[in-house]
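Below is one structure, written out as structure tokens; comments come after it.
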Amino acid sequence: MTARTAVAAVFGDPIEHSLSPIIHNAAFNAMGLDWVFVAHRVGAGHAADAVAAMRSLGLRGASVTMPLKHEIAGLVDELTPMASRLAAVNCLFWRDDTLVGDNTDGAGAVWAVERHLGVSIAGARVVVCGAGGAARAVISAVAEAGAAEVVVVNRSTDRANSAASLAGGVGRVAGLDELAGGDFAGAFDIAINATSLGMIDGPKGVPLDLTHGCPGTVMDLIYHPLETEWLLAARTAGARVANGVPMLVGQAAVAFERWTGQSAPVESMLGAVHSELAS
Ligand code: NDP
């Protein structure tokens with residue numbers, strides 16, 4: 001590193017286990033860029049300090065994680081349409097002197113399905129389990145990618161309604177009772193888990209019972225563990241599956257491109273995450 005090294009960072013709390021430094025430093029190295037990526041612990045209520053620091057220290061880009069995604073959305077000069085729709089920002093980048101807030105989580109999910117798994121979303125019938133921040137990003141993005149139908153299943157109905165509305169005319173809510181015992185091989189092309197069910201130290205259980213028929217493509221946003229009980233069931237049923245790693249890399253790849261203007265070295269980024277999670 002020299003006095004000319006460009007600095008990018010991630011803001012959030014907790015931040016010690018963030019994979020963003022691993023992913024982005026691997027990408028900078030693979031591309032031979034004189035950039036470095038660091039993590040800063042920034043707690044709730046301190047997003048304005050982080051944005052001020054970004055401006056005064058000349059950070060070239062930033063990722064934003066919990067608990068700041070909503071707070072920071074009100075502090076940038078401009079929001080992308082996706083960040084505005086979600087009222088949540090996970091990526092800060094500069095357009096000349098304008099600080100732009102974007103949300104690349106949904107684009108990461110679309111990348112994971114279309115580019116990593118090689119499955120087209122256009123015309124697909126998609127079921128998304130969950131209605132939290134990650135689910136909202138996924139629902140918006142798969143609708144924008146041309147899904148024929150986006151069915152949202154969630155424990156709390158009010159959050160499900162709000163999330164499904166992000167898919168516009170192709171979104172609807174289905175109750176767990178309505179889906180119980182369903183043959184999802186016939187009903188859906190793609191199933192995505194965006195709940196925390198199955199996460200290490202998270203709630204136990206599966207988001208949707210796949211024993212009566214499994215969609216051809218199944219993605220679980222969780223990557224701790226690398227394979228949840230639900231993803232194992234889908235893989236055993238013969239589905240094409242992805243855990244949360246490709247989406248994580250996909251959202252980072254879009255951020256990398258916003259910051260550097262160059263195509264992201266996704267294979268290096270995937271390799272870095274896999275080595276880290278295997279260690
Ligand atoms: P939120 O807290 O915003 O949402 C949690 C979701 O899980 C809600 O839909 C919630 O339902 C549901 N849920 C939680 N506990 C239960 C339970 N006991 N039974 C049924 N449903 C439950 O979290 P996020 O949206 O930020 O994250 C969701 C998951 O996505 C996490 O596992 C996270 O690790 C993963 N993720 C992965 C990313 C990636 O790049 N791979 C990126 C971001 C997140 P309700 O609305 O009823 O409370």
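Note that ligands are numbered from 1 as they come in the structure, with each ligand's atoms numbered from 1 the same way. Residues: numbered from 1 along the sequence shown.
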Non-hydrogen side-chain atoms of Val151 and Val126 separated by less than 4.5 Å: no
For ligand 1, find each of its N or O atoms that sits under 3.5 Å from a protein N or O atom, and tabulate the pairs with distances to one decimal place.
unit_1	atom_1	unit_2	atom_2	d
ligand 1	3 (O)	Gly133	N	3.1
ligand 1	7 (O)	Ser196	N	3.3
ligand 1	9 (O)	Ala131	N	3.0
ligand 1	9 (O)	Asn154	OD1	2.7
ligand 1	11 (O)	Asn154	OD1	3.2
ligand 1	18 (N)	Arg155	NH1	3.4
ligand 1	25 (O)	Gly133	N	3.2
ligand 1	25 (O)	Ala134	N	2.8
ligand 1	40 (O)	Leu248	N	3.4
ligand 1	41 (N)	Leu221	O	2.9
ligand 1	41 (N)	Gly244	O	2.9
ligand 1	46 (O)	Asn154	ND2	2.8
ligand 1	46 (O)	Ser156	OG	3.1
ligand 1	46 (O)	Arg159	NH1	2.8
ligand 1	47 (O)	Asn154	ND2	3.4
ligand 1	47 (O)	Arg155	NE	3.1
ligand 1	47 (O)	Ser156	N	3.0
ligand 1	47 (O)	Ser156	OG	2.5
ligand 1	48 (O)	Arg155	NH2	2.9
ligand 1	48 (O)	Arg159	NH1	3.3

Going by side chain to side chain donor-acceptor pair (under 3.5 Å), name the pairs with one or both residues in residues 74-103, residues two or more places apart or in two chains. Arg55-Asp77, Glu78-Arg95, Thr80-Asp102, Arg85-Glu144, Asn90-Thr104, Asn90-Asp105, Asn90-Gln251, Asp102-Arg258
What's the verdict on ring-ring contact (aromatic ring centres under 6.0 Å, His included) for His24 and Trp35, showing C-alpha distance, side-chain angles and the deciding distance? CA-CA 9 Å; His24 287 294; Trp35 283 60; 9.4 Å; no
Any salt bridge (Lys or Arg N to Asp or Glu O under 4.0 Å) pairs touching residues 229-253, not counting sequence neighbours? Glu227-Arg235
Output yes when a side-chain donor or acceptor of His274 lies under 3.5 Å from a complementary backbone atom of Leu270, and no otherwise. yes
For residues 206-213, run the donor-acceptor check on the side chains, cut-off 3.5 Å, and write out each pair with its distance to 0.1 Å, sequence neighbours left out.
unit_1	atom_1	unit_2	atom_2	d
Asp209	OD1	Thr211	N	2.9
Asp209	OD1	Thr211	OG1	2.6
Asp209	OD2	Thr211	OG1	3.2

